[in-house]
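All remarks here apply to the structure that follows.
Here is how names work: the chains are called A, B, and so on, in the same order as the sequence lines, proteins then strands, and each is numbered from 1. Small disclaimer: the values here were computed from a predicted structure and weren't measured.
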Protein chains: 2
Amino acid sequence: MNKIDIIIVDDHLLFSEALNGLISELEQFNVLAVLANGNELVNYFSNENRQPDIVLMDIQMPIMNGVEATNWLKNNRPEIKVLALSMECEEDTILKMLRAGARGYLLKDIHPSMLEHALKEVHKTGYFYTENVANTLLNSVNKKEKPREIFLKERELEFLKLACTEMPYRQIADTMFLSPKTVDNYRESLFEKLNVKSRIGLVLYAIKEKIVIL
Amino acid sequence: MNKIDIIIVDDHLLFSEALNGLISELEQFNVLAVLANGNELVNYFSNENRQPDIVLMDIQMPIMNGVEATNWLKNNRPEIKVLALSMECEEDTILKMLRAGARGYLLKDIHPSMLEHALKEVHKTGYFYTENVANTLLNSVNKKEKPREIFLKERELEFLKLACTEMPYRQIADTMFLSPKTVDNYRESLFEKLNVKSRIGLVLYAIKEKIVIL
DNA sequence: AATTTTTAGGGGGTATTTCCCCTTTTTTAT
DNA sequence: ATAAAAAAGGGGAAATACCCCCTAAAAATT
């Protein structure tokens, strides 16, 4: 049975080498390389031809951080699975890593046996999340709903949603049973309220704030 | 010590009564009512003054379903915790319930001891998700690894990303070291390729396809 | 080497968006 | 009842976006 090849990317040498020793002791894993940042990872792929199955990726790193490196892998080596390894439990960071394509997220204070289990799971099923991380994240899903600082009136919301279509303002006016000039007022006042400089800005705001869902 | 008061909302009478029996056997829980749909739940609150701590909520129900009922609770009785109970593991449904404010999501085939654990956790910490549900959901966050049908070249992607900012085309041209006329060509050819009629359309496409992340 | 494709650039026009400043009508609050 | 605020509408102009048709150089194909 072939061993599962792993690359460790972490700038804390003390930690990454300890990890190296830990994993190398396990029968079914093989550490291909220990690298200090995303840049070294990119270089690795242009110099070496031995590909890892899994990359254990730190997030905070100098030069090219974990999110960027994971994105690079998604675009250039999509078959390689990334398991994020971080000290922080910040939900925003976790989300960024997941969106970049990470298959799992581990905190650095876990027990070694958990790491082994996580590596096996990622290799077998393609993903792994600890219940801890999962709960943090899931709970944020419905928390994000309410707190929109800027309160928009019904009619403004209506306009904003229509501004997120390809309709020209003239047609938006027809749809809202308003004169084009009134629509122009809504546009201008929203530009100020939302601090944007163009209709594109309105669209970006509306999507960020989940006023329109794609 | 006070018992934790529970209301069961489920239209499958056989199931809900079985559940009732199961929970009533547990020392620390007390079933206040067994209701058949969301409507009955709303009526309950206008007729009875004994409030539950937790509502065990089915999702597929006639008249007023679980998502609607949970939304009603969020708006009218936000202090009551909703634990969703469903047969389906459809990620879309789960998300809808979470957004409506559910504190957890259980599949109906779980072991009774798990139900007890979940109820305790929801009451104590405010939420509970099984690893199963959590994984399903989290994995959907980055599931977008589908190949894009329309292949865009590097330079086109670059333009598209810049088109998703508030920059005017003139400035995009500067950024890309191109003449405004060339940028205009990129615009026009992308309009055709992506079948859109305005820059807004480009933005919507880019966000849908996760070419730009907000 | 010749041909096609891609990339970069242009002319000249119409339509839409953006901006600033102003009036009337309707609602809301005191 | 009356002042204040919000909603609806407008004039006019400059900037930007959109459109169609066309050329030259570089790159890829053959």
Contact letters for nucleotides 7-21 of chain D, in which S counts primed atoms plus P, OP1 and OP2 and B counts the base, heavy atoms under 4.0 Å: SBBBBB---SSBBB-
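- Side-chain atoms of A/Asn20 and A/Glu17 include a donor-acceptor pair closer than 3.5 Å.
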Trace of the side-chain contact (heavy atoms from CB on, under 4.5 Å) decision for B/Ile7 with B/Val31: CA-CA 6 Å; B/Ile7 286 184; B/Val31 177; over 6 Å; no
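- Between A/Asp53 and A/Lys81, no side-chain nitrogen of the basic residue sits less than 4.0 Å from a carboxylate oxygen of the acidic one, so the salt-bridge criterion is not met.
- Taking every heavy atom of both residues into account, A/Val203 and A/Ala163 meet most closely at CG2-O, 3.7 Å.
- Counted within 6.0 Å of CG on B/Asn47, heavy atoms from surrounding residues, nucleotides or ligands total more than 12; the atom is thus considered enclosed.
- The CG atom of A/Leu152 sits 14 Å away from the P atom of D/dA6 (whole-angstrom rounding).
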